[in-house]
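Right, one structure below, let's go through it.
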Amino acid sequence: MSVVSFAYYPGCSAKGSSADYERSTRTVCGLLDICLEELPGWNCCGSTPAHAVDTELSAALCVRNLDIAAQCGAKTVLTPCPSCLSNLRHAGRRMATPEFRARVNELLDAPAAETLPEVTSVMQGIARQYDKAALTARVKKPLTGLRLGAYYGCLMSRPADLMDFGDPENPTLMEEMLTACGAEVVDFPLKTSCCGASFGIPERPMTARNSAKILDLAVNMGLDALVVACPLCQMNLDLRQKQAAKSAGTTFDLPVPYFTQLLGLALGAPTDQLGLDKLCVSLDGLLKKAEGGQQCG
Amino acid sequence: MRIGVFICHCGSNIGGTVDCARVAELSRAFPDVVYADDPMYTCAEPGQAAIEAAIHEHRLDGVVVASCTPRMHEPTFRRTVERAGLNRYMFEMANIREHVSWIGKDKEANTNKAAELVLMAVEKLRRNTPLTPKSFDITKKVLIIGGGVAGIQAALDCADGGVPVVLVEREATIGGKMAKLDKTFPTVDCSACILGPKMVDVAQHPNITLYAYAEVEDISGYVGNFSVKIRKKAAYVDWSKCTGCGACTEKCPARKTPDAFNELTGPTTAINIAFPQAIPKKAVINAAHCRQLSKGKCGVCAKVCPTGAIRYDMEDEIVTEEVGSIVAATGYDLMDWTVYSEYGGGKYPDVITSLQYERLLSASGPTGGHILRPSDGREPKSVVFIQCVGSRDKSVGRPYCSGFCCMYTAKQAVLTKDHIPDSQSWVFYMDIRAPGKMYDEFTRRAVEEYGTEYIRGRVSAIYPDGKGQYVVMGVDTLLGQPVEIKADLVVLAVGIEASKGASQLAEKLRISYDQYGFFMESHVKLKPVETNTAGVFLAGVCQGAKDIPASVAQGSAAAAKVLALFARDKLESDPQIAQVDMRRCVNCGKCIRCCPFGAIKEVEMRGEGKAQVIETVCQGCGLCTATCPQGAIQLSHATDNQILAEVNALCQC
Amino acid sequence: MPVLEGKELRIVGFLCNWCSYGGADTAGVARAGQPTDLRIIRVPCSGRIDPLFIVKALLGGADGVLVSGCHPRDCHYAAGNFYARRRLEVLKQFLPVLGIDERRFEYTWVSASEGQRWQQVVTVFTERIHQLGRAPRFDDAEPLLKLADMALTSLRPLGTGQTAALDELKDAIRAKLPELDCVIGWQQGYDAAHTVPLFIRKPEDVDKLVWGPFNVNNPAVYLPSFKGKKVGIVVKGCDSRSVVELLQENLIRREDVTIFALPCEGTLDMARVNEKLGRYQRIDSVSLDEAGATIVADGTEHRFCMTEYAQGKCYGCTTPAAVLADTRLGTPTPVQPGTVVPPELALLDSMSLEERMAFWRGQMERCLRCYACRNACPMCVCRDFCISDSRNPHWMSQEDSPREKLFFQTIHAMHLAGRCTGCGECQRACPVGIPILALRQQIARAVAQLFDGYRPGLDPAAVPPLLGYEVEEKNIHERDWK
Amino acid sequence: MSMIRFVTADGLPGFLAHLAKDGQRVLVPVEKPANKPSVVFEPWQEGKAFTLAKATVPPKEAVLPQCETLFSFKKAKDPADPARVSLQLEEAPPPPPTVVFACRPCDARGFAVLDRPYLHGPFADPCYKARREALTVITLTCASGCNTCFCHWVGGGPSSPEGSDVLMTAIEGGYVLQAITPRGEACLAASALPDGAEVFPRAEEARKAAWQSLEPAPDLKDAPQRLAALFTDTTFWQEQTDRCLSCGACTYFCPTCYCFNITDEGEGLSEKGGRRLRSWDNCMSSLFTREASGHNPRNAKALRMRNRVSHKFATYPENWGSFSCNGCGRCISNCPVCLDIRAIVLAALEKGADA
């Protein structure tokens with residue numbers, strides 16, 4: 001498989017709270033001969049607070065990154081985090097209107113490049129290179145015996161025309177990839193309902209309640225794990241799992257791994273290169289079940 | 001020529017923003033105008049009487065009335081001038097209400113415009129010639145398309161009126177959607193009990209020829225002389241021999257055929273009879289699922305059939321019927337609600353449509369009348385009804401209200417409590433529409449006697465809770481709070497649209513239809529069952545959302561129109577048709593080639609080819625007149641000279 | 001009864017009775033306010049509207065004309081609006097060539113229930129007309145005379161056809177003559193520098209047949225009058241297209257016509273030849289070589305090479321060989337692909353709207369309404385019953401105003417829409433040299449754009465575009481009304 | 001000795017200005033630039049370019065316009081009784097005094113041909129009379145014949161004075177103006193041009209030279225009887241008119257065709273009122289003889305051509321003694337198919353000879 005390279009925009013959480021997501025992403029891409037060239041001197045995309053305060057300033061933040069990618073001659077930029085993906089794509093689209101472009105160019109040191117590269121998620125980047133059959137071909141340790149559910153969160157597929165991620169109410173890309181890895185994937189109904197996002201700080205009971213509802217359904221459906229692709233959702237469902245359990249008056253013990261971690265397992269990456277240790281609810285039970293499955297699978 | 005002009009005040013509708021007296025005064029200066037007046041209400045009795053008097057007193061031979069739209073009162077005034085002895089085509093109207101007084105307040109501009117419109121009407125009238133309709137004989141027979149309750153009612157009324165009826169029904173049995181219902185509101189009568197006898201009457205009525213499992217292939221001709229090609233679809237069963245004993249359905253091995261009649265709530269056999277009271281009670285083979293017809297080996301039904309009625313080699317057959325009038329009663333279908341992915345988009349088996357719920361409630365349904373969840377067959381204890389799924393919703397292109405869902409949901413809630421006393425029903429609604437007789441009282445009973453919880457709000461999502469129930473997330477706008485209900489069964493009151501193929505049928509009937517496929521009535525308030533095509537009438541939901549009583553009423557109304565049409569032995573042809581001036585025609589054949597109705601043919605006259613109009617086929621569109629380079633063919637009452645007169649009245653710089 | 005000065009402009013509406021007139025009523029019932037300028041003429045169907053009504057209104061002083069009918073597929077008469085859509089779109093593309101701003105004419109579809117849409121259509125259109133202001137009157141235009149630039153490059157080598165197999169053709173005609181009533185060709189006119197149509201009836205007439213650059217007449221013009229008799233015809237490439245168009249409209253029957261064809265190498269523009277020859281008593285000699293003709297008149301020699309003196313239509317000619325023939329002799333010269341904008345049309349394209357109106361005002365002054373242009377046209381089969389002079393229907397008066405004369409040219413052009421093969425006889429026949437071919441060329445260009453490059457007279461089986469319709473038109477798109 | 005004046009070539013505009021004094025309309029030949037150039041008579045103004053070439057359209061317009069308002073009428077309705085309509089007639093304004101400048105002898109002779117039916121018949125046509133009496137004709141003699149001219153066949157000639165008031169002949173350096181009629185003399189007398197008596201012989205030489213350049217003319221004196229005899233020989237006429245398109249070019253460009261049509265245009269009630277128009281009619285069109293019933297005695301073009309040629313070469317000579325064709329050749333040069341009236345007459349003579 002020839003090596004294909006993409007510009008890579010990690011986003012702040014990748015260097016901090018979701019280091020495991022970054023770690024597993026790099027490992028998986030390495031195994032799949034996808035070279036990620038990190039943007040030199042990238043800056044924060046402004047995440048939620050920036051565009052709430054000033055849309056032009058937040059756009060300038062994003063356009064600066066896109067401009068760097070353009071200078072590097074990149075055609076496509078991959079980013080793992082849905083929030084960064086949404087901000088970058090919004091900025092890219094709004095630069096099409098001349099007045100907006102003029103105001104943003106004033107904010108930047110130098111005017112941005114005429115044509116800015118396209119931005120897409122890591123998941124879509126992988127899917128572009130490997131369709132289901134190609135992915136299955138690369139699987140070393142199939143995840144047979146695992147009953148998984150995919151959880152996208154509310155940002156990844158909305159607004160539909162901007163994010164271009166399939167049916168906003170019912171995206172299916174992660175299910176397809178996990179099925180390709182041999183797992184039994186269940187259609188998880190609350191896959192795009194909100195986990196409470198950054199309200200974990202100002203409105204913790206609401207985040208607990210939302211996460212509890214999601215975890216409760218996952219447990220009721222007998223899932224071995226709820227697979228996620230967003231650092232903030234992972235934090236609410238994994239790190240705050242106990243708070244959610246407390247608010248729902250029950251206990252949860254449901255692993256919430258990133259899809260790249262499970263992909264890494266399936267591709268046979270050594271378990272220490274997937275940042276599994278960082279997960280609050282450990283993945284060991286699941287791994288035993290998977291191995292059990294492999295012996296007899 | 002002596003013309004009389006009447007400028008109507010129409011109370012204040014015109015007089016309010018047009019100086020009618022001034023227009024009358026200006027009209028007196030127009031060519032050939034010898035009398036001008038501005039009556040208060042021209043269309044009223046005294047107004048018409050004044051016109052007749054003026055005709056006699058001033059020896060008028062032409063009348064111009066400036067009032068409302070000719071589409072409304074041209075026939076009225078034509079009869080008025082006719083009563084006074086004038087030919088009814090020596091009359092013209094100027095529309096100074098809808099096109100002048102009602103669309104602007106500038107009195108000076110309106111008055112000037114009204115005067116100009118009157119001048120145009122006068123100039124046209126001066127070139128009008130008396131026209132007398134010719135009469136032609138008609139086939140006193142009616143074609144009724146669609147065997148639902150509206151079609152049945154129209155057929156019975158026409159047949160009782162002595163008019164032979166050809167009833168064409170696309171499905172294997174008549175009865176339409178009503179046959180699928182368990183009970184009907186507001187009396188909770190059993191639907192089959194009140195519809196069944198009418199269906200039997202249709203079968204037994206000597207005047208009615210029933211073509212079930214047949215579709216209209218092509219329609220040509222015009223009022224009084226329609227020629228209709230009907231395609232009798234191959235049922236693979238010789239209905240003359242089949243007694244409807246049902247032996248074949250028991251033995252048929254293809255047990256998993258989707259049962260369209262039961263709205264896919266249960267399987268059926270490849271050869272089946274839709275429901276016990278089906279008329280005609282004849283078997284039909286579903287070719288796609290019959291093993292013999294699709295894979296070529298089985299033949300069980302042929303073996304067991306006591307009368308040997310099975311014929312695998314049967315083919316579609318085209319039959320032609322000559323009729324004088326057509327009633328379209330093609331009913332409706334439920335819109336495709338799976339566009340709502342937030343309700344599961346059809347993924348969850350226990351989220352069903354109201355029609356499917358009717359089949360579950362019905363004793364002749366797949367569950368024998370027991371309410372059982374399609375997923376696990378358990379009896380549901382909590383049932384949630386959701387209103388306006390695909391009605392009053394612009395986002396899916398269905399902005400209209402479907403009319404009868406609020407009422408049947410209340411009935412279904414009552415029946416749910418009746419079947420399962422310890423069940424609890426919830427209804428998510430926006431506004432309850434219960435306008436009919438005893439309708440609102442019925443919904444109050446659903447709330448007060450049967451404990452149905454009505455929650456005013458929309459549902460944002462339905463998802464399985466993993467433990468066999470469904471979480472219905474909605475909002476209660478009266479309490480201002482989000483609401484979550486655990487439901488065992490969710491029934492969607494799905495909105496309606498015109499039945500499949502309605503727009504193609506409309507094009508065959510040459511009637512207009514709106515973007516949802518509902519047929520266009522001639523006038524929404526005054527002519528709901530007529531269309532713009534003479535001799536074609538409408539009945540039931542094909543014309544727009546309405547409940548059973550209204551559909552039945554329209555069935556009778558359409559029948560009344562047909563009987564009125566056939567009351568006379570001969571029909572008068574519309575004299576506004578094209579005529580050829582044989583001297584000018586050079587037989588270039590352009591008119592023959594472009595006439596949409598094939599109403600012009602080439603004839604021989606003194607050794608030369610000439611064009612000639614077939615009077616009974618010409619519809620008066622005037623296409624030929626606009627095509628003929630030398631003006632040899634002229635549409636009466638809209639000739640080149642008449643239209644040029646109006647153009648020149650405006651543009652003579 | 002003029003419109004209110006300063007407040008209103010003259011806007012004429014043609015509305016179909018079933019849909020748009022009903023839509024206007026619905027707007028009225030809904031009290032949807034509208035400007036008062038529009039005066040509505042009710043017609044049974046949009047298909048009833050002859051585009052000439054619209055030209056009559058516009059030339060007669062209307063500032064704007066609005067036509068509205070039923071939506072496609074919704075017509076009460078099934079196909080009325082389909083035909084109307086094609087005719088009105090051709091008209092809309094034709095008006096600019098007269099100097100009339102095409103924005104002054106609009107057609108649209110409004111159904112009986114769309115009251116609000118009708119209010120918007122009327123308001124938007126009236127606003128547009130008020131922005132355009134009063135329409136310039138044709139009679140007030142200052143006459144402007146301009147010359148078409150005849151320096152053109154031909155798509156194929158032009159010549160005098162001297163190598164054509166004329167003798168073989170004569171033999172072929174002699175062979176077929178007994179079974180034919182007559183064969184139409186060309187013979188020398190009153191002197192060697194002119195040819196006139198020849199009607200061969202007897203064997204000795206065959207020798208009079210000539211072939212060369214002087215064969216300017218189009219013999220197809222006589223075919224309709226021979227209907228029912230067997231007739232032969234010798235054709236150039238452009239003449240054959242006229243024969244095919246007559247077949248397309250079954251104005252002649254294929255079995256009655258025997259077609260003889262030689263490859264044409266172009267014809268001389270006799271107007272410019274006569275101008276150069278000037279006033280002379282007699283022609284001493286005419287010699288033809290493959291590059292052109294040398295004519296000696298009253299002793300002085302004049303040289304006419306084809307590349308400079310051919311007719312405008314010959315430069316852009318793409319069918320030097322007959323499109324249809326029974327006896328075809330000689331191999332035609334190949335034609336390079338590409339298109340040449342005809343000189344007369346190029347002249348008009350170079351002018352602004354005002355200039356064009358002034359141009360036609362200047363040209364039409366000297367028209368004497370002799371109707372040579374009409375009678376030279378092979379497609380004009382109405383002949384003795386033409387609405388231009390039969391006064392019933394009363395389209396035209398006997399006045400000799402430039403406006404009436406221009407109105408006849410629009411009648412002729414619109415009647416030729418989708419039928420004119422561009423043979424140029426109308427312009428050649430005009431005694432006072434009015435460049436009327438430009439009007440027909442604009443119509444032909446519009447028809448080609450609108451109907452996938454359709455060109456009349458190429459395929460005997462093709463239906464002339466304005467005598468047919470498509471339910472979904474590929475190149476005619478509904479204008480939105482926001 | 002008639003009055004002779006001389007005008008230099010560049011003195012012409014001055015002479016025209018003199019002619020155009022006190023509102024007199026001076027029609028001069030003007031060239032209309034086009035791919036096919038044509039020369040038409042148009043009123044002259046100061047500084048307007050004109051040519052002395054032979055006009056494509058004859059100056060018949062001066063006495064018989066293509067379309068002339070005989071009178072206009074206005075209707076008025078009595079407001080009290082709208083049924084009573086009053087009608088007033090308005091005479092057409094008197095025609096302006098006109099000078100036709102630099103027409104050719106065949107054109108001038110046209111006026112003479114028209115005078116006979118319009119003036120010397122039982123009724124004089126008032127409109128024509130008014131125009132004719134206000135007309136002065138200054139004719140430029142032809143320096144030579146041309147391929148389509150045959151004026152000398154029919155009694156005319158390159159310098160025939162018939163119908164002219166002043167005969168103008170080009171000599172090098174200018175033009176000799178010879179007054180033919182008293183009106184011509186009055187016009188020249190008032191023009192303050194130098195006397196041209198001594199140069200007149202050079203003018204006569206030029207005129208003689210023009211005559212010599214002509215081909216010998218065939219003798220047409222038997223033409224009237226021969227054509228009349230051929231009235232029933234329709235095959236002859238069909239052969240002659242195979243190629244005729246029966247348009248109106250030959251009649252509308254002929255200086256001697258004088259048939260007209262009268263129509264009413266306009267209602268009379270609008271402020272513009274109505275007008276009664278006299279406009280040229282064209283005997284080559286089938287409309288000319290179509291009766292109300294639709295029957296047409298001369299439906300075929302051969303019959304119509306027979307009528308046109310016989311009228312000019314048989315019927316008119318019978319009534320007035322001379323051919324009504326001036327041999328100007330416009331019906332030949334302007335015909336789309338160059339139908340040659342000379343060929344028809346000669347063919348008729350030849351056919352008659354052996355009958």
Side-chain angles (χ1 to χ4, degrees), chain C residues 1 145-148 150 182 184 189-191 194-199 201 217 221-222 269-272 274-275 279-283 297-298 312 343-344 362-363 365-366 368-376 383-384 389-391 397-401 425 427-435, chain D residues 32-38 40 42 53-54 56-57 65-67 142-149 213-215 239 242-243 245-253 261-263 265-266 270 275 277-280 282 285-287 290 296 299 301 330 332-340 342-343:
Chain C
M1 182 80 58
L145 293 178
K146 275 188 153 181
L147 270 174
M150 297 307 283
C182 87
I184 312 171
Y190 50 79
D191 62 32
H194 292 87
T195 68
V196 291
L198 161 69
F199 291 76
R201 287 197 169 77
N217 292 75
V221 74
Y222 301 105
D269 181 347
M270 294 314 291
R272 284 191 285 142
N274 291 338
E275 185 193 5
R279 185 181 174 88
Y280 62 90
Q281 289 255 38
R282 73 199 147 287
I283 297 288
D298 288 359
E344 299 83 3
Q363 298 291 353
E365 259 173 352
R366 63 180 188 275
L368 295 184
R369 290 181 70 164
C370 71
Y371 293 116
C373 53
R374 175 192 67 197
N375 288 29
R383 273 296 179 279
D384 305 338
D389 43 20
S390 71
R391 295 181 63 73
S397 70
Q398 282 298 96
E399 274 169 48
D400 66 345
S401 71
E425 278 298 89
Q427 177 168 289
R428 188 190 63 76
C430 177
V432 284
I434 303 175
Chain D
K32 306 301 272 185
N35 177 35
K36 173 183 200 174
S38 56
V40 291
E42 278 186 355
K54 178 181 171 193
T56 318
V57 182
Q66 181 191 358
C67 175
C142 298
S144 70
C146 84
N147 58 341
T148 49
C149 300
S213 74
L214 300 177
E215 315 263 325
E239 274 151 20
D242 262 330
R243 65 177 190 265
L245 297 172
S246 80
C247 66
C250 48
T251 56
Y252 282 0
F253 285 83
N261 198 352
I262 292 191
T263 57
E265 301 294 349
S270 64
R275 294 167 312 288
L277 301 179
R278 168 158 66 182
S279 48
W280 291 346
N282 156 28
S285 149
S286 76
L287 279 174
R290 182 182 304 150
N296 192 334
N299 206 16
K301 60 183 179 181
R330 288 192 177 91
I332 303 164
S333 57
N334 289 327
C335 170
V337 292
C338 309
L339 205 80
D340 193 336
R342 294 173 297 187

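These figures come from a predicted structure and were not determined experimentally.
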Quiz item: Are side-chain heavy atoms of C:Ile283 and D:Asn147 found at a separation under 4.5 Å?
Solution: no
Quiz item: Is any side-chain heavy atom of D:Arg278 closer than 4.5 Å to a side-chain heavy atom of C:Gln398?
Solution: no
[atom1]-[atom2] distance between [X] and [Y], expressed to the nearest 0.5 angstrom:
X	Y	atom1	atom2	answer
D:Trp280	C:Leu368	CH2	CG	5.0 Å
D:Cys146	C:Tyr280	SG	OH	8.5 Å
C:Cys370	D:Gln66	SG	CD	9.5 Å
D:Ser38	C:Ile434	OG	CD1	8.0 Å
D:Cys67	C:Arg369	SG	CZ	8.0 Å
D:Ser246	C:Asn375	OG	CG	5.0 Å

Out of [options], which one racks up the most heavy-atom pairs below 4.5 Å with chain C?
options	answer
D:Arg275, D:Arg342, D:Arg290	D:Arg290
D:Ala53, D:Ala343, D:Ser285, D:Pro336	D:Pro336
D:Thr251, D:Leu287, D:Leu214	D:Leu287
D:Gly248, D:Ala34, D:Cys335, D:Gly145	D:Gly145
D:Asp340, D:Thr148, D:Thr263, D:Val57	D:Thr263

Quiz item: Is C:Glu275 salt-bridged to D:Lys36, cutoff N-O under 4.0 Å?
Solution: no
Self-check item: Short N-O contact, D:Glu42 and C:Arg366, less than 4.0 angstrom
Solution: no
Structural part of [X] lying under 4.5 Å from a heavy atom of chain C:
X	result
D:Val40	side chain
D:Arg330	neither
D:Asn296	neither
D:Cys149	side chain
D:Asp242	both
D:Pro37	side chain

Measuring heavy-atom distances to chain D, does [X] have an atom under 4.5 Å in its side chain, in its backbone, in both, or in neither?
X	answer
C:Pro435	neither
C:Ala376	both
C:Leu147	side chain
C:Cys430	backbone

[Y] backbone acceptor or donor facing [X] side chain under 3.5 Å:
X	Y	value
C:Tyr222	D:Arg243	yes
D:Glu265	C:Glu399	no
C:Arg279	D:Ser144	yes

Exercise. Just jot down the side-chain hydrogen bond (donor to acceptor under 3.5 Å, both in side chains) partners of C:Arg374, sequence neighbours excluded, or say none.
Key: C:Ser388, C:Asp389
Practice problem: Quick one: list whatever passes side-chain hydrogen bond (donor to acceptor under 3.5 Å, both in side chains) with C:Asp384, sequence neighbours left out. | Solution: none
Out of [options], return the one with the most heavy atom pairs under 4.5 angstrom to chain D.
options	answer
C:Asp269, C:Ile184, C:Thr195, C:Asn274	C:Asp269
C:Ser397, C:Ala429, C:Gly362, C:Ser401	C:Ser397
C:Glu365, C:His194, C:Met270, C:Arg391	C:Arg391
C:Arg201, C:Gln363, C:Arg272	C:Arg201
C:Gly189, C:Pro197, C:Cys182	C:Pro197

Quiz item: Of the non-hydrogen atoms in C:Leu145 and D:Pro33, which two are nearest, and what is the gap between them?
Solution: CD1-CD, 3.7 Å
Practice problem: List the atom of D:Thr56, the atom of C:Pro431, and the distance in Å for their closest heavy-atom pair. | Solution: CG2-O, 3.9 Å
Practice problem: May I ask you to check whether D:Ser213 and C:Gln281 show a side-chain donor-acceptor distance below 3.5 Å? | Solution: yes
Quiz item: Should D:Lys32 and C:Val432 be marked as a side-chain contact (heavy atoms from CB on, under 4.5 Å) after you check the CA-CA gap, both sets of side-chain angles, and the distance that decides it?
Solution: CA-CA 9 Å; D:Lys32 306 301 272 185; C:Val432 284; over 6 Å; no
